A.B. asks: 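Here you go, one structure.
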Protein chains: 2
Amino acid sequence: MGSPLPRDPIADAQRNWERHGWGEVAAPMAAITAIMRTQQILLARIEGVLKPFGLTFARYELLALLSFARSGALPMNKASALLQVHPTSVTNAVDRLEKAALVVRSPHPTDGRTTLIELTAEGRTLAKRATTALNNEVFGRSGFGDEDVEHLIRVLGDFRKAAGDFTD
Amino acid sequence: MGSPLPRDPIADAQRNWERHGWGEVAAPMAAITAIMRTQQILLARIEGVLKPFGLTFARYELLALLSFARSGALPMNKASALLQVHPTSVTNAVDRLEKAALVVRSPHPTDGRTTLIELTAEGRTLAKRATTALNNEVFGRSGFGDEDVEHLIRVLGDFRKAAGDFTD
DNA sequence: GCAATATACTAGGACATCCAAGGGTTTGGA
DNA sequence: TCCAAACCCTTGGATGTCCTAGTATATTGC
């Protein structure tokens with residue numbers, strides 16, 4: 001999107017924070033800002049790999065989730081909970097996936113309120129192909145060292161748990 | 001948005017990856033997914049704090065950036081580069097900030113292509129108040145330990161540099 | 001058994017991000 | 001000098017996220 005900057009803008013922000021008397025929180029501010037930016041970079045890479053498949057990350061996540069469900073189907077509310085996104089976001093993703101014939105909506109057998117999302121054969125195939133691409137082109141070349149990966153999993157896991165994501 | 005899950009969905013995904021023969025990349029996948037989710041949680045907290053000020057994070061970042069510029073003004077392309085977002089995102093943010101009378105657009109004195117964004121008095125005041133709130137309610141209570149913060153800054157800094165964000 | 005409450009999904013709206021294109025301004029090489 | 005290439009900002013369109021209702025179906029409690 002732009003050429004490299006001569007200096008790290010987040011390190012600069014951290015210095016500005018310190019210079020203005022916020023030294024106490026300058027480091028956490030920098031860490032949080034770095035997380036935001038890293039997410040942006042990673043998302044762009046992922047979307048780039050998924051584009052040829054006609055998928056976005058949101059839709060891919062749903063496909064992948066369904067592909068791991070024993071029956072290949074899940075209630076929408078379950079998907080919303082597991083993906084940790086708003087129910088309307090799932091509705092949105094399912095609308096588009098259904099248009100692409102990758103999933104189908106079907107009524108829940110016993111609960112009339114619930115809608116099941118079911119993977120189609122094409123959906124399952126595409127999920128597999130997209131997963132291979134992502135693993136080869138993004139996750140397999142994350143740029144993070146093995147130790148850093150372990151550290152990230154632990155630190156962010158603790159954070160997410162403290163934030164109320166899960167009990168465990 | 002939902003109540004806590006009984007189990008960590010990312011740890012489950014990692015197990016699924018391993019179970020399907022992707023053990024090599026399961027850990028980086030989990031780390032990356034954790035970064036995405038952590039960003040989502042942090043963004044929600046930040047937006048929650050900024051809402052009373054009538055600000056979003058994107059607009060706040062622009063205000064904060066301007067407040068650190070000596071003259072309180074910056075060219076739009078400079079802001080785009082420093083915030084590392086697409087130029088159209090800056091246009092969008094400036095449109096709204098200008099409607100709220102927090103910034104003003106003015107022509108660049110020597111380059112007719114460039115537009116300067118300038119902080120108004122209210123903009124400067126609001127930036128200061130919002131910064132205090134964010135520092136007290138988010139950055140000051142990040143939930144990350146001091147060592148983890150240092151580690152995050154280093155690891156993500158290396159990642160961003162490798163991704164081409166800056167030279168330094 | 002029936003009304004009140006809780007749940008599930010969807011429609012509409014506000015925002016943010018990016019990409020593709022278009023119009024105006026500068027710069028640089030022929 | 002002058003025109004093509006480069007640069008800057010904006011408009012319009014596609015997506016995604018969330019929130020706030022609104023409708024339909026289940027569950028609960030009296």
Side-chain angles (χ1 to χ4, degrees), chain A residues 1-3 36-37 39-48 50-51 53-63 74-100 103-117, chain B residues 1-3 36-37 39-48 50-51 53-63 74-100 103-117:
Chain A
M1 193 163 35
S3 40
M36 313 293 269
R37 173 58 184 156
Q39 185 267 352
Q40 188 183 22
I41 293 168
L42 289 169
L43 182 59
R45 283 189 193 173
I46 291 171
E47 300 270 16
L50 293 177
K51 198 175 194 71
F53 297 99
L55 291 175
T56 62
F57 188 45
R59 294 176 218 170
Y60 167 76
E61 278 194 296
L62 186 48
L63 281 189
L74 276 180
M76 300 202 44
N77 64 332
K78 201 89 175 176
S80 167
L82 292 173
L83 296 176
Q84 317 205 248
V85 295
H86 199 277
T88 54
S89 295
V90 176
T91 295
N92 184 323
V94 172
D95 283 349
R96 299 171 194 279
L97 287 173
E98 198 168 30
K99 266 195 195 82
V103 306
V104 211
R105 263 183 252 243
S106 62
H108 188 286
T110 67
D111 190 333
R113 298 168 297 183
T114 301
T115 299
L116 292 176
I117 326 167
Chain B
M1 195 164 30
S3 40
M36 313 292 271
R37 173 58 184 155
Q39 185 266 354
Q40 187 183 23
I41 293 168
L42 288 168
L43 182 59
R45 284 189 193 172
I46 291 171
E47 300 271 15
L50 292 177
K51 196 173 195 72
F53 297 99
L55 291 175
T56 62
F57 188 45
R59 295 176 219 168
Y60 167 76
E61 278 193 297
L62 186 48
L63 281 189
L74 275 179
M76 299 203 45
N77 64 332
K78 201 89 176 182
S80 169
L82 292 173
L83 296 176
Q84 317 204 250
V85 294
H86 200 279
T88 53
S89 295
V90 176
T91 295
N92 184 322
V94 171
D95 283 349
R96 298 169 194 282
L97 288 172
E98 197 168 31
K99 265 195 197 85
V103 306
V104 210
R105 263 184 254 243
S106 62
H108 189 286
T110 67
D111 190 332
R113 295 169 297 183
T114 301
T115 299
L116 292 176
I117 326 166

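Throughout, protein chains are lettered first and strands after them, A, B, ... in sequence-line order, and every chain is numbered starting at 1. What you see is a predicted model, and the numbers here were worked out from it, not measured in a lab.
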A.B. asks: Just the rounded figure in Å: distance from P of D/dT15 to CD of A/Glu61.
C.D. replies: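 For the pair A/Glu61 CD and D/dT15 P, the rounded distance is 18 Å.
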A.B. asks: Any chance you could measure A/Leu116, atom CG, to A/Arg105, atom CZ, to the nearest 0.5 Å?
C.D. replies: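 Interatomic distance, A/Leu116 CG to A/Arg105 CZ, rounded to 0.5 Å: 11.5 Å.
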A.B. asks: Which value, rounded to the nearest 0.5 Å, describes the distance between B/Leu74 atom CG and B/Thr115 atom OG1?
C.D. replies: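 Nearest 0.5 Å value for the CG-OG1 distance: 13.0 Å.
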A.B. asks: Counting only side-chain N and O atoms of B/Thr114, is one of them less than 4.0 Å from OP1 or OP2 of D/dC8?
C.D. replies: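 False: B/Thr114 side-chain N/O out of range (4.0 Å or more) of D/dC8 OP1/OP2.
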A.B. asks: Which comes earlier along DNA chain D counting from the 5' end, the contact point of A/Arg59 or that of A/Arg113, where each point is its nearest nucleotide?
C.D. replies: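 Its nucleotide being nearer the 5' end, the pick is A/Arg59.
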A.B. asks: Between B/Asn77 (CG) and D/dC8 (P), how many Å, whole number?
C.D. replies: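 In whole Å, D/dC8 P lies 5 Å from B/Asn77 CG.
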A.B. asks: Okay, side chain of A/Ser80, backbone of A/Val85: is any donor-acceptor separation there less than 3.5 Å?
C.D. replies: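 Indeed, once roles are kept as given, a pair shorter than 3.5 Å links the two residues.
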A.B. asks: Using the side-chain heavy atoms of A/Asn92, tell me which of these nucleotides is nearest: D/dT15, D/dT17, D/dA24.
C.D. replies: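 Nearest listed nucleotide: D/dT17.
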A.B. asks: Please work out if A/Asp111 contacts a base, only the sugar-phosphate, or nothing of the nucleic acid, heavy-atom cut-off 4.0 Å.
C.D. replies: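 The residue A/Asp111 makes sugar-phosphate contact but no base contact.
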A.B. asks: Using whole Å, report how far CD1 of A/Ile46 lies from P of D/dT15.
C.D. replies: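 Those two atoms, CD1 and P, are 19 Å apart.
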A.B. asks: Starting at atom CZ of B/Arg105, determine the distance to atom P of D/dC8, rounded to an integer number of angstrom.
C.D. replies: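 The answer, rounded to whole Å, is 16 Å.
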A.B. asks: Just the rounded figure in Å: distance from P of D/dC7 to NE2 of B/His108.
C.D. replies: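 To the nearest whole Å, that distance equals 16 Å.
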A.B. asks: Please report the interatomic distance CD1(A/Ile46) to CZ(A/Phe57), rounded to the nearest 0.5 Å.
C.D. replies: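 Spacing of CD1 (A/Ile46) from CZ (A/Phe57) equals 4.5 Å.
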A.B. asks: Quick check against the 3.5 Å criterion: does B/Gln84 have a side-chain atom that pairs as donor or acceptor with the backbone of A/Gln40?
C.D. replies: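 No: the side chain of B/Gln84 does not pair with the backbone of A/Gln40.
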A.B. asks: Which whole-number value in Å describes the distance from A/Met36 CE to D/dT17 C1'?
C.D. replies: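 That distance rounds to 13 Å.
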A.B. asks: Answer with base, sugar-phosphate or nothing: what part of the nucleic acid does A/Thr56 contact at a heavy-atom distance below 4.0 Å?
C.D. replies: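 A/Thr56: backbone/sugar contact only, no base atoms under 4.0 Å.
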A.B. asks: Name the first nucleotide and the last nucleotide along DNA chain C (5' to 3') that come under 4.0 Å of a heavy atom in chain B.
C.D. replies: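 In short, chain B contacts DNA chain C from C/dC15 to C/dT26.
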A.B. asks: Measuring from A/Arg113:CZ to A/Thr110:OG1, what's the distance to the nearest 0.5 Å?
C.D. replies: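 Here the rounded value is 9.5 Å.
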A.B. asks: Do the side chains of B/Leu97 and B/Leu55 get nearer than 4.5 Å, heavy atoms only?
C.D. replies: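 Touching, per the 4.5 Å side-chain cut-off.
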A.B. asks: Once you round to the nearest 0.5 Å, how far does CG of A/Leu62 lie from CD1 of A/Ile117?
C.D. replies: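 Those atoms lie 5.0 Å apart.
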A.B. asks: I want to confirm an ordering. Mapping A/Arg96 and A/Thr110 to their closest nucleotides on DNA chain D, which one lands closer to the 5' end?
C.D. replies: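 Of the two residues, A/Arg96 wins.
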A.B. asks: Scan nucleotides 18-20 of chain D against the protein and return all N/O pairs shorter than 3.5 Å with their distances rounded to 0.1 Å.
C.D. replies:
from, atom 1, to, atom 2, distance (Å)
D/dC18, OP1, B/Gln40, NE2, 3.1
D/dC18, OP2, A/His86, N, 2.9
D/dC18, OP2, A/Ser89, OG, 2.8
D/dC19, OP2, A/His86, NE2, 3.4
D/dC19, N4, A/Thr88, OG1, 3.0

A.B. asks: Can you measure A/Lys99 atom NZ to D/dA14 atom C1' for me and round it to whole angstrom units?
C.D. replies: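 Going from A/Lys99 (NZ) to D/dA14 (C1'), I get 13 Å.
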A.B. asks: What residues form a side-chain hydrogen bond (donor to acceptor under 3.5 Å, both in side chains) with A/Glu61, not counting sequence neighbours?
C.D. replies: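 Partners of A/Glu61 under the side-chain hydrogen bond (donor to acceptor under 3.5 Å, both in side chains) test: none.
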